[in-house]
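Have a look at the structure below before the remarks.
Read the numbers this way: they start at 1 and go in the same order the structure lists the ligands and their atoms. We're numbering straight along the sequence, starting at 1. Since the structure is predicted, the reported quantities are computational estimates derived from the model, not experimental observations.
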Amino acid sequence: RAKATGRGCWSFFEEEMDLELRKRRALESDLRNAVDNNEFELVFQPIVKLDQQRISTCEALLRWRHPERGYVSPADFIPLAEETGTISQIGEWVLRKACCEAAAWPGGIGVAVNVSAVQFKNAAVVRAVMEALSASGLPAHRLELEITESVLLNDSVTTLATLHTLKRLGVRVAMDDFGTGFSSLSYLQSFPFDKIKIDQSFVRNLDATGNARLIVRSVIGLGRSLGITTTAEGIETEAQLEQLRLEGCEEGQGYLFSRPVSAAAIRDLVANLGRNAA
Ligand code: C2E
Ligand code: MG
Ligand code: MG
Ligand code: MG
């Protein structure tokens with residue numbers, strides 16, 4: 001009896017594995033068609049200048065509306081797209097779409113686009129950026145590329161050359177999720193980043209006792225010495241905002257200001273702000 005149960009368990013486990021694998025395969029093939037089927041959309045989240053309460057940039061964040069599963073989180077499908085190579089096609093779509101939207105925003109508001117490490121493995125990313133800029137008419141200085149440390153881990157020589165080419169085009173480059181990787185600091189030494197985005201894990205712990213506040217203070221100081229803008233990610237409370245202001249953080253982003261919203265909603269938001277300012 002015990003044996004039978006054992007075998008039963010095992011085959012149940014195998015079935016589970018098989019199901020997981022099949023689900024994954026299905027998702028992979030759905031992902032390959034998602035661009036052509038128009039299943040992607042971009043939402044935008046404002047990044048605010050903390051001293052003036054003014055929007056400087058909006059970050060484009062990708063959403064996949066799966067016909068049966070509903071919204072799939074980028075945390076789930078971006079790694080899959082990276083493994084299968086689909087990320088290059090998706091990334092080009094994101095760049096084009098983000099630049100086209102931003103070109104309609106008033107007041108020189110910029111757009112930040114997340115670029116995957118996989119897109120940096122060949123020179124196509126430079127061409128994709130140039131095409132997105134020329135198709136939209138967006139001036140290069142209004143486009144900011146957000147990269148994580150994994151971009152630089154790849155193959156530093158080629159990647160650094162690509163980053164320098166992009167900078168020569170006038171595009172800005174931000175280091176995303178700063179402080180979560182192994183060598184964020186050493187990368188600041190090897191490339192002239194325009195912006196450091198302090199990871200939300202530090203911001204989240206600002207209210208708690210512990211070292212988060214001291215770390216945030218140091219990163220802001222580091223940015224100031226290097227002439228690099230610092231942006232705090234994931235600001236959710238007034239208390240966090242107050243602390244960041246006191247520490248002299250330049251910019252912030254988070255649910256406290258706004259959740260990521262549709263392209264139409266961000267258009268309204270930036271237009272109204274323009275009217276208020278006028
Ligand atoms: P990220 O670039 O660090 O983006 C910030 C994430 O934090 C977004 O999650 C955003 O919705 C979320 N967030 C913003 N404010 C708050 C807050 O106050 N509290 C909390 N808890 N979360 C906040 P999202 O949209 O799910 O994106 C997750 C990650 O997926 C992004 O992290 C980025 O690494 C990746 N991603 C998103 N869109 C793209 C894309 O177009 N291309 C690539 N390669 N990656 C993307
Ligand atoms: Mg980002
Ligand atoms: Mg981030
Ligand atoms: Mg992240």
Could you name the option among Ile147, Leu61, Leu95 that has the heavy atom nearest to atom 4 (O) of ligand 1? Leu61
For the pair Gln200 and Asp177, evaluate side-chain hydrogen bond (donor to acceptor under 3.5 Å, both in side chains) and give the outcome as yes or no after the intermediate values. CA-CA 7 Å; Gln200 52 189 57; Asp177 303 342; over 6 Å; no
Heavy-atom proximity to atom 22 (N) of ligand 1, best of Tyr255, Phe257, Trp64: Tyr255
Determine whether the side chain, the backbone, both or neither of Asn114 has a heavy atom under 4.0 Å from any heavy atom of ligand 1. both
Answer yes or no as to whether an N/O/S atom of Glu59 is found below 2.8 Å from the Mg ion (ligand 2). yes
Are Glu82 and Ser116 linked by a side-chain donor-acceptor pair shorter than 3.5 Å? yes
Mark up the atoms of ligand 1 that fall under 4.0 Å of a heavy atom belonging to Gln200, in ascending order. 7 (O), 13 (N), 20 (C), 21 (N), 22 (N), 23 (C)
Heavy atom under 4.0 Å from ligand 1: found in Glu82's side chain, backbone, both, or neither? neither
Below a 4.0 angstrom heavy-atom separation, can you tell me which part of Gln45, side chain or backbone, both or neither, approaches ligand 1? side chain
Using only atom types and a distance under 3.5 Å, with no angle test, would you say the side chain of Arg142 pairs donor to acceptor with the backbone of Ala102? yes
When you measure from the Mg ion (ligand 2) to each N, O or S atom of Asp176, which atom gives the shortest distance? OD2
Counting N and O atoms only, with roles assigned by atom type, does the side chain of Gln243 sit under 3.5 Å from a partner on the main chain of Leu206, one being a donor and the other an acceptor? yes
How does Val113 reach ligand 1, if at all, at less than 4.0 Å between non-hydrogen atoms: by side chain, backbone, both, or neither? neither
Check the surroundings of atom CD in Gln189: do more than 12 heavy atoms from other residues, nucleotides or ligands lie under 6.0 Å from it? no
Closest to atom 26 (O) of ligand 1 (heavy atoms only, candidates Ser116, Ala60, Pro74, Ala112) is Pro74
Do Gln240 side-chain atoms and Glu236 backbone N/O form a donor-acceptor pair below 3.5 Å? yes
Does Gln119, backbone or side chain, put an N or O under 3.5 Å from an N or O of ligand 1? no
Evaluating non-hydrogen atoms only, which member of Leu256, Ile90, Leu42, Ile78 is closest to atom 45 (N) of ligand 1? Ile78
Consider ligand 1: state whether an atom of it lies below 4.0 angstrom from any non-hydrogen atom of Pro260. yes
For the Mg ion (ligand 3), give me the closest N/O/S atom belonging to Asp177, just the atom name. OD1
Proximity flag Ala75 to ligand 1, non-hydrogen atoms under 4.0 Å: no
Which is the closest N/O/S atom of Glu146 when seen from the Mg ion (ligand 2)? OE1
Which ligand 1 atoms are under 4.0 Å away from a heavy-atom of Gly254? 15 (N), 18 (O)
Do any heavy atoms of Arg259 fall under 4.0 Å from ligand 1? no
Which of the numbered atoms in ligand 1 are under 4.0 angstrom from any heavy atom belonging to Val94? 41 (O)
Among Arg63, Gln240, Glu236, which residue places a heavy atom closest to atom 21 (N) of ligand 1? Glu236
Pick out which of Thr57, Thr230, Thr231 makes a side-chain hydrogen bond (donor to acceptor under 3.5 Å, both in side chains) with Glu251. Thr231
When you look at Gln45 and Arg259, which way does the side-chain hydrogen bond (donor to acceptor under 3.5 Å, both in side chains) test go after all the steps? CA-CA 6 Å; Gln45 188 180 33; Arg259 293 201 167 238; over 6 Å; no
Suppose I only count heavy atoms of Glu233 and a 4.0 Å limit; which atoms of ligand 1 are within that range? 3 (O), 5 (C)
I'd like to know if the Mg ion (ligand 3) has an N/O/S atom from Glu233 within less than 2.8 Å of it, counting both backbone and side-chain atoms. yes
Contact with ligand 1 for Gln253, non-hydrogen, under 4.0 angstrom: no
By number and element, which atoms of ligand 1 are closer than 4.0 Å to a non-hydrogen atom of Asp177? 3 (O)
Checking contacts here: is it the side chain or the backbone of Leu62 that comes within 4.0 Å of ligand 1, counting heavy atoms only? Could be both or neither. both
Note, Val219 side chain near Phe202 side chain (heavy atom, < 4.5 Å): no
Take Leu226 and Phe193 through the side chain to side chain contact (heavy atoms under 4.5 Å, CB included) test and state the conclusion after the steps. CA-CA 9 Å; Leu226 294 171; Phe193 286 91; over 6 Å; no
Going by atom types only, do Asn33 and Glu39 share a side-chain donor-acceptor pair under 3.5 Å? no
Can you tell which of Glu146, Glu149, Glu144 makes a salt bridge (charged side-chain N to carboxylate O under 4.0 Å, His left out) with Lys197? Glu146
Short list, please: which atoms of ligand 1 are under 4.0 Å from a heavy atom of Gly234? 16 (C), 17 (C), 18 (O)
Over all atoms of both residues, closest heavy-atom pair of Val151 and Val115: CG2-O, 4.0 Å
Do Val261 and Val43 come close enough that some side-chain heavy atom pair is under 4.5 Å? no
Numbered atoms of ligand 1 (with element) below 4.0 Å of Asp176, judged on heavy atoms: 1 (P), 2 (O), 3 (O)
Should the pair Phe77 and Phe40 be assigned to parallel (<30°), tilted (30 to 60°) or perpendicular (>60°) ring geometry? tilted
Lys167/Asp194 ion pair, N-O < 4.0 Å: yes
Is the closest N or O pair between Glu59 and ligand 1 shorter than 3.5 Å? yes
